[in-house]
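Some notes on the structure that comes next.
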Amino acid sequence: MKSKLLAACAAAALSCALASPIAAADAPPTAAEAKAFVDAAEADLAALSEYGAHAGWVQATYINADSNWLAAKANAENTEAAVKYAKQAARFDHVEVDPVTRRKLYLLEQAVVLPAPARAGAAKELADLQADLDTLYSTGKFTYQGKTLTLDDMQDILRTSRDPAETKALWEGWRTVSPKMKDDYVKLVALANQGSKALGYADTGALWRSWYDMPPDRFGGEMDRLWGQVAPLYKSLHCYVRGRLNERYGDAVQPRTGPIRADLTGNMWGQAWGDIYDIVQPKGGTGLGYDLTANLVKQGYDATRIVKTGEGWYQSLGFAPLPQTFWERSMITRPRDREVVCHPSAWDVDNKDDLRIKACFTVTADDFYTAHHELGHNMYQRAYADQPFLFKGGANDGFHEAIGDFAGLNALTPDYLKQVGLIDTVPGTDADIPYLLKIALDKVAILPFAYLVDKWRWEVFSGQVTPDHYNDAWWDLVRKYQGMAPPAPRPADAFDPGAKFHVADNTPYARYFLADIYEFQFYRAACRQAGWKGPLNRCSVYGNKAVGEKFAAMLKLGQSRPWPEALKTFTGEDDIDASAITDYFAPLAKWLAVQNKGERCEAV
Ligand code: X8Z
Ligand code: ZN
């Protein structure tokens with residue numbers, strides 16, 4: 001953490017660098033001025049970030065009018081500063097500076113998710129809208145059969161309910177929370193677009209696409225290219241799952257052709273289908289051989305033990321234990337007596353070692369996985385904690401999401417589960433297809449969803465989709481890419497995108513699409529380093545310190561270098577490549593092709 005004194009000195013340097021507008025107009029700025037500007041901006045932003053994180057933590061773990069007020073104030077101050085520095089950084093676009101300063105200027109120019117216009121009060125307006133949207137989502141409830149349910153209550157029922165009337169009621173019930181968000185969302189889009197334009201971006205979508213060390217226009221094309229690589233696998237899985245749902249529920253509930261009914265997937269957004277494995281599992285054979293949720297429950301796991309087990313995985317690769325404060329300050333279960341933001345997140349409050357997780361974990365295989373995911377963020381944060389403030393971040397936001405996913409993919413292998421005593425025996429090779437299917441139900445199923453959430457937002461930000469068509473445009477994309485449909489026509493006032501956390505919370509989502517691909521690149525590289533020769537799905541690098549060292553070398557870079565360099569440090573590859581995920585699932589793809597013989601798979 002930067003000291004107050006240093007921050008004050010650096011701020012003084014900033015005013016020097018910008019002292020004379022006449023001089024600035026006459027002579028181009030110098031490299032020394034650029035460096036002084038960057039140092040000052042960095043110190044100021046670091047201090048604001050720490051303050052904002054404390055306020056944000058209180059708001060997220062104790063939602064009320066006061067915590068919202070405090071968090072919105074801090075958020076507005078952060079936005080104002082970030083926008084100011086982004087504009088000022090552009091002054092140095094054509095100045096020859098050292099590579100570190102150049103990288104920091106590049107990062108400064110795009111270091112804000114929702115920029116506010118410069119006019120007085122605009123940043124606060126935008127921050128208040130964000131706080132309102134967040135609160136509407138996180139405190140949303142639905143009364144079902146006389147009981148007031150939170151989202152996690154509803155998700156918990158959806159996971160196991162096999163009654164289509166019930167899944168429909170809950171699916172629709174959760175979406176009664178979001179119509180109230182629409183007006184705020186429309187205002188937020190307009191404000192953020194004004195802010196983005198003032199920074200020189202066509203709209204906020206273009207700003208979001210500028211985060212990947214390539215021109216924003218190219219990034220959209222990259223997403224399309226990657227989707228093209230994985231779409232055949234998704235379509236094949238979709239076709240198979242639809243057939244099994246049809247056998248389970250009959251034509252009246254789930255027809256054999258056309259879209260999958262979204263509420264039948266065991267997940268509120270149809271983005272992860274692992275919880276309906278019981279319906280879609282291969283017929284005959286020995287099956288998966290175990291039920292991880294049941295085993296966790298049987299062995300008396302609680303949220304703390306789940307997180308401790310996750311920590312153990314990272315320690316086995318050589319990562320240091322979590323600090324004591326992690327255990328004192330994290331929130332890992334839903335408190336009974338107050339409103340909180342339950343959607344899981346990982347924090348580094350002081351940008352050094354005040355690491356925390358905030359989640360409402362229950363004892364399920366899903367949350368066992370998510371604990372590894374969240375800890376991945378914390379391990380990354382700690383690995384780059386020695387970098388200067390502007391380099392504290394993922395090589396790109398997809399990397400940040402992929403670290404814990406790489407851990408989770410290892411931690412789900414039967415080999416590892418046996419080592420930590422969560423299963424008794426490692427199933428034989430006949431369990432490989434069931435295992436791959438189970439993993440695909442989460443890792444392949446999410447791909448079109450992760451692709452379309454920001455596709456929708458890009459269309460919204462660009463004005464291609466106007467507020468009157470927000471919901472229809474959403475469903476057009478869901479239908480086209482996920483091949484899904486709502487259980488019944490949607491009401492005229494529906495604002496279904498708002499029923500997804502990342503839309504209400506304004507968290508960009510392309511990162512999860514990228515992460516789903518990086519994760520398998522990391523995994524394939526780690527297994528190669530470990531000299532693994534068997535089927536990829538059976539590889540676990542648990543306990544492998546050499547892999548851990550190489551992995552840590554990538555994490556330590558933070559965002560100091562363009563992401564292809566970070567990727568190369570660990571994998572030897574310098575481009576995002578979906579062949580790792582298609583390699584991993586190759587045996588399943590073959591199996592699905594056989595299962596799908598005679599199905600009308602093209603008919604989505
Ligand atoms: O939001 C998350 C993490 C927190 S960064 C739990 N995920 C996405 C989601 O829940 O929609 C992980 C998978 C995708
Ligand atoms: Zn995450």
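Ligands are counted one by one from 1 in listed order, and the atoms in each one are counted from 1 as well. Not measured: the values here are computed from a predicted model.
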Counting heavy atoms only, which part of Tyr509 comes closer than 4.0 Å to ligand 1: side chain, backbone, both or neither? side chain
Atom 12 (C) of ligand 1: closest protein heavy atom, distance to 0.1 Å, is Tyr512 CE2, 3.9 Å
State whether the shortest distance between N or O atoms of His343 and N or O atoms of ligand 1 falls below 3.5 angstrom. yes
So Phe495 and Tyr470, would you call those rings parallel, tilted or perpendicular, with 30° and 60° as cut-offs? tilted
Hey, would you say the Phe391 and Tyr384 ring centroids sit under 6.0 Å apart? no
Are any of the N or O atoms of Glu401 closer than 3.5 Å to those of ligand 1? no
Considering Lys500, Glu374, His400, His377 one by one, which has a heavy atom nearer to atom 6 (C) of ligand 1 than any of the others? Glu374
Relative to the heavy atoms of Pro344, which atoms of ligand 1 are at a distance of less than 4.0 Å? 4 (C), 6 (C)
Tell me the contacting part of Ile446 for ligand 1: side chain, backbone, both, or neither, using a 4.0 Å heavy-atom threshold, strictly below. side chain
Just which atoms of ligand 1 are under 4.0 Å from any heavy atom in His373? 3 (C), 4 (C), 5 (S)
Shortest non-hydrogen separation from Cys539 to Thr413 and the atoms involved: O-CG2, 3.4 Å
N/O/S atom name from His373 that is nearest to the position of the Zn ion (ligand 2): NE2
In Glu401, what N, O or S atom is nearest to the Zn ion (ligand 2), if we give its atom name? OE1
Side chain to side chain donor-acceptor pair (under 3.5 Å) with His502: of Trp269, Tyr512, Tyr137, Tyr509, only one passes, and it is Tyr512
Given the options Asp353, Asp354, Asp350, Arg329 meets salt bridge (charged side-chain N to carboxylate O under 4.0 Å, His left out) only with Asp354
Answer with yes or no whether the side chains of Trp327 and Thr325 bring together a donor and an acceptor at under 3.5 Å. no
Does the separation of the ring centres of His373 and Tyr369 fall below 6.0 angstrom? no
Measuring from the Zn ion (ligand 2), name the closest N, O or S atom belonging to His377. NE2
To the nearest 0.5 Å, atom CH2 of Trp174 lies from atom OG1 of Thr150 at 8.5 Å
